[in-house]
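In what follows, a structure is listed as structure tokens, so that the remarks can point back to it.
FYI, the numbering just counts along the sequence from 1. This is a predicted model, so every value here is computed, not measured. Read the numbers this way: they start at 1 and go in the same order the structure lists the ligands and their atoms.
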Amino acid sequence: MITEKMYEKMAELAVRRGVNIQKGQPLVLSADVRDAAFVRVCVRKAYEAGAGSVTVNWLDEELTKMDYEYQTVETLSEIPDWVYDRTKYQHDKGAAYLRILSGKPGAMKDADPIKVNAYQQAYYRKVADLQSYTMNNIGQWSLFGLPSKEWAKVVFPDLSEEEAYEKLGDAIFAVTRVSEDNDPLQEWEEHDAQLMRHADIMNGHQFKALHFTSELGTDLTVELVKDHIWVGGGCTTPDGVYFDPNLPTEEIFCMPLKTGTNGIVYASRPLSYQGKVIEDFWIRFENGKAVDFDAKKEKDALKALIEFDEGSSYLGEVALVPYDSPISQSGILFFNTLYDENAACHLALGRPYPENLKGGTEMSDEELEAHGANASMEHEDFMFGTKEMSIDGIREDGTVVPVFRNGNFVF
Ligand code: ZN
Ligand code: ZN
């Protein structure tokens with residue numbers, strides 16, 4: 001059962017740890033209208049924490065659906081200047097961005113994909129030069145989730161709406177480390193320190209490659225780019241403000257060398273892609289490229305992902321998540337990347353994160369490619385970590401160092 005006190009703790013965690021709002025700083029909070037009661041709590045907590053102003057950006061799935069139903073491609077593609085100007089103004093004021101996720105997974109799956117695509121392309125083109133503010137962590141930003149009945153029914157289709165909602169709520173609060181009698185801020189500090197400790201150890205080793213094996217049949221070697229950086233826990237803005245962009249986060253992640261993955265990987269959890277759930281699949285890689293694959297369910301969706309563009313058949317991320325992490329232990333498929341990618345060791349097909357390469361955030365696309373980074377419009381995580389997963393780090397000279405045994409870090 002989620003109590004009022006727990007909601008207050010969640011709000012406090014989001015503003016003080018998530019975006020770590022600073023004295024006098026503007027906050028932009030994006031939330032669905034269904035969460036109005038919580039939003040008021042969150043806004044109050046933000047002011048109490050020192051926010052100079054709070055602007056709420058109200059969203060509504062039903063209205064968005066109507067936009068796609070009734071508007072034309074032309075009207076959807078026309079993004080007014082004030083959309084750009086508003087965001088530019090907020091960036092210039094040094095705003096922090098907080099986003100609450102409670103949407104129904106696949107809510108837009110019946111919308112005309114041509115219209116959705118037209119709007120998204122037009123929107124991203126319009127605000128393209130504003131993206132680096134959050135992409136490069138110039139200002140703080142953070143995402144966290146709240147249960148909704150619509151979301152809960154997708155996760156637990158066999159339960160009543162009431163039961164499903166309670167169960168999803170319990171799971172979200174538990175994995176976000178918010179309970180009736182704990183101090184979430186303290187727990188998050190310890191948790192982040194642990195993630196950064198693991199990242200530091202991995203960075204110290206500078207392994208040439210990682211070798212993964214699992215009881216499902218995974219036998220995969222993933223070469224890493226030279227001068228790679230394992231990243232985990234929170235981020236720091238250029239002004240030195242520490243924040244946690246994802247609540248929760250359980251991973252440390254790194255950049256594979258585009259042409260350096262060989263062997264076979266068996267997924268350990270279903271992958272929800274474009275409204276389809278791909279199940280029991282494997283992918284075989286040769287010199288970085290996915291050359292063969294199969295799935296018991298929705299093989300066509302897997303094919304669409306791998307063939308999305310040239311780079312989507314190569315890896316852009318390798319991430320380590322212990323089997324004993326809370327999301328893994330919950331055993332729940334949330335149908336939301338914020339949670340699902342933190343459930344197990346995962347790989348992503350497609351685009352890498354420049355921050356995983358020394359100097360990467362200052363490099364052009366060409367420079368990144370020259371360092372062995374993949375490039376793609378796609379970035380899709382899939383889980384392959386298991387209870388028995390073993391990982392060995394392989395040094396430049398061929399010596400082998402154990403990293404994971406029985407699904408967890410050895411250090
Ligand atoms: Zn990841
Ligand atoms: Zn990812």
Side-chain angles (χ1 to χ4, degrees), residues 99 101 105 131 134-137 141-145 175-176 191-192 194-196 198-199 202-203 210 212 218 220 222 224-225 228-235 244-258 261 265 267-274 278 281 283 285 288 290 302 305-306 308-309 311-323 325-328 333-357 360-361 368 373-386 389 391 403-404 407 409:
R99 171 78 198 264
L101 307 172
Q131 298 284 68
T134 46
M135 290 270 288
N136 292 347
N137 301 325
W141 59 277
S142 189
L143 311 171
F144 70 105
V175 302
T176 318
H191 175 54
D192 276 1
Q194 173 77 337
L195 290 172
M196 286 188 272
H198 286 148
M202 293 299 281
N203 286 329
L210 297 179
F212 298 87
T218 293
L220 188 78
V222 178
L224 303 170
V225 291
H228 57 257
I229 302 172
W230 285 90
V231 176
C235 303
D244 263 305
N246 289 351
L247 302 171
T249 178
E250 301 290 339
E251 61 172 337
I252 64 166
F253 59 99
C254 199
M255 192 190 292
L257 177 70
K258 181 178 178 181
T261 299
V265 58
S268 54
R269 291 190 160 217
L271 166 63
S272 167
Y273 179 67
Q274 294 186 338
I278 309 165
F281 63 98
I283 305 174
F285 289 88
L302 182 59
L305 165 60
I306 289 172
F308 181 84
D309 62 17
S312 66
S313 57
Y314 292 85
L315 297 181
E317 179 192 356
V318 53
L320 309 185
V321 178
Y323 186 76
S325 81
I327 298 175
S328 162
L333 184 66
F334 288 84
F335 297 96
N336 183 310
T337 312
L338 175 63
Y339 300 91
D340 293 330
E341 75 153 343
N342 283 300
C345 287
H346 55 269
L347 299 167
L349 289 162
R351 188 177 59 242
Y353 294 104
E355 64 187 306
N356 286 129
L357 179 62
T361 52
L368 284 167
N374 188 21
S376 170
M377 298 280 280
E378 191 57 86
H379 177 101
E380 195 60 42
D381 296 300
F382 66 93
M383 263 54 78
F384 74 115
T386 62
M389 173 144 273
I391 309 174
V403 176
F404 260 49
F409 281 102

Inset, instruction - Return the minimal non-hydrogen interatomic distance between Ser313 and Phe285, and the atom names on each side. - result: O-CE2, 4.0 Å
Inset, instruction - Check Glu317 and report its N/O/S atom nearest to the Zn ion (ligand 2), by atom name. - result: OE1
Inset, instruction - Give the atom name of whichever N/O/S atom in Glu251 sits closest to the Zn ion (ligand 1). - result: OE1
Inset, instruction - Would you please test Leu333 and Ser272 for side-chain contact (heavy atoms from CB on, under 4.5 Å) and show each step? - result: CA-CA 9 Å; Leu333 184 66; Ser272 167; 5.7 Å; no
Inset, instruction - Test Glu378 against Leu349 for side-chain contact (heavy atoms from CB on, under 4.5 Å), laying out the working first. - result: CA-CA 7 Å; Glu378 191 57 86; Leu349 289 162; 5.8 Å; no
Inset, instruction - Specify whether an N/O/S atom of His346 falls short of 2.8 Å from the Zn ion (ligand 2). - result: no
Inset, instruction - Kindly indicate, with the supporting measurements, whether the criterion side-chain contact (heavy atoms from CB on, under 4.5 Å) is fulfilled by His228 and Asn356. - result: CA-CA 6 Å; His228 57 257; Asn356 286 129; 5.8 Å; no
Inset, instruction - Report yes if the side chains of Val231 and Tyr353 come closer than 4.5 Å at any heavy-atom pair, otherwise no. - result: no
Inset, instruction - Tell me, please, if Glu341 has any N/O/S atom, main chain or side chain, under 2.8 Å from the Zn ion (ligand 1)? - result: yes
Inset, instruction - Kindly confirm whether the Zn ion (ligand 2) is within less than 2.8 Å of some N/O/S atom in Asp381? - result: yes
